[in-house]
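Being a predicted model, the structure only gives us computed values, none of them experimental. Read the numbers this way: they start at 1 and go in the same order the structure lists the ligands and their atoms.
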Amino acid sequence: MNDQAARLIAAARAAARHAHAPYSNFAVGAAVLLTDGSVVTGANVENASYGLSLCAETVAIATASAAGRLGDVVAIGVIGGMMRDGIAHGEDVVRPCGRCRQVLNEAAQIGGRDLRVYCAGAEGDGLHEYLLSDLLPDAFGPADLGIGRAR
Ligand code: THU
């Protein structure tokens, strides 16, 4: 695992400890790397009205945006696993859902760069590395509306 991946996966695993996931019992953590080397994290926030639940990646991107850094996202690490005793477990690799891929595309096109996406399990050394453009090819995005740049 390269240093960037290891850092983001470790931060995502720490973030998953703050997941609010009493309905699915599935904790997800995400850690976004910004151009200045800082890292912003998020965890899933479920809701008693299930469909209103927010994914970890979306929370992390919203946090970066709230800090004025939507266009500065370089990479994201994502982990997830079933919770036991409040902590995510398991080695199965978790990848961003379709909606989160679209949310990530907003950051990618506003920043004018493709994003590296590191995916891992809650535990173990398994790692899958992608480019967002491979996870969401030919995306619709801000560039279609004359904003940002196609990537
Ligand atoms: N979840 C995420 O946080 N990110 C994803 O990319 C996939 C799913 C969350 C939503 C829900 O709280 C739980 O995982 C089970 O679907």
Side-chain angles (χ1 to χ4, degrees), residues 1-2 4-34 38-67 69-111 113-144 148 151:
M1 207 182 282
N2 71 46
Q4 187 179 83
R7 182 176 176 215
L8 292 177
I9 293 303
R13 285 175 173 162
R17 291 175 175 262
H18 300 301
H20 172 66
Y23 309 108
S24 71
N25 220 31
F26 192 81
V28 182
V32 166
L33 178 67
L34 302 178
S38 60
V39 170
V40 173
T41 61
N44 50 335
V45 186
E46 296 186 349
N47 193 283
S49 179
Y50 298 168
L52 301 185
S53 297
L54 300 174
C55 288
E57 302 91 316
T58 292
V59 170
I61 291 292
T63 301
S65 186
R69 308 297 302 278
L70 183 63
D72 295 338
V73 176
V74 171
I76 185 168
V78 181
I79 71 93
M82 293 302 297
M83 287 195 291
R84 206 172 54 244
D85 301 325
I87 294 174
H89 290 274
E91 299 195 5
D92 289 349
V93 172
V94 170
R95 299 164 188 81
C97 77
R99 183 178 186 275
C100 287
R101 294 177 194 201
Q102 186 68 32
V103 169
L104 289 168
N105 180 65
E106 190 74 15
Q109 285 196 7
I110 292 297
R113 67 175 70 78
D114 209 349
L115 305 187
R116 241 167 235 294
V117 182
Y118 301 110
C119 303
E123 300 172 297
D125 295 329
L127 179 80
H128 288 227
E129 181 180 340
Y130 304 93
L131 287 173
L132 180 63
S133 57
D134 292 322
L135 292 177
L136 190 70
D138 302 326
F140 175 82
D144 292 293
R151 47 135 179 106

Nearest heavy-atom approach of Ala27 to Met83 is CB-CG, 3.5 Å
Nearest heavy-atom contact between Val78 and Pro96 is CG2-CG, 4.3 Å
Minimal heavy-atom distance between Leu70 and Ile110, with the atoms involved, is CD2-CG1, 4.3 Å
(request) Evaluate the side-chain proximity of Arg116 to Val74: yes if any heavy-atom separation is below 4.5 Å, no if none is. (result) no
Within the 4.0 Å heavy-atom cut-off around ligand 1, the contacting residues, ordered by chain and number, are Ser24, Phe26, Val28, Asn44, Glu46, Cys55, Ala56, Glu57, Arg95, Pro96, Cys97
Beyond-backbone contact of His20 with Asn44, side-chain heavy atoms, under 4.5 angstrom
no
For Pro142 and Glu106 the tightest heavy-atom approach is CD-OE1, 3.4 Å
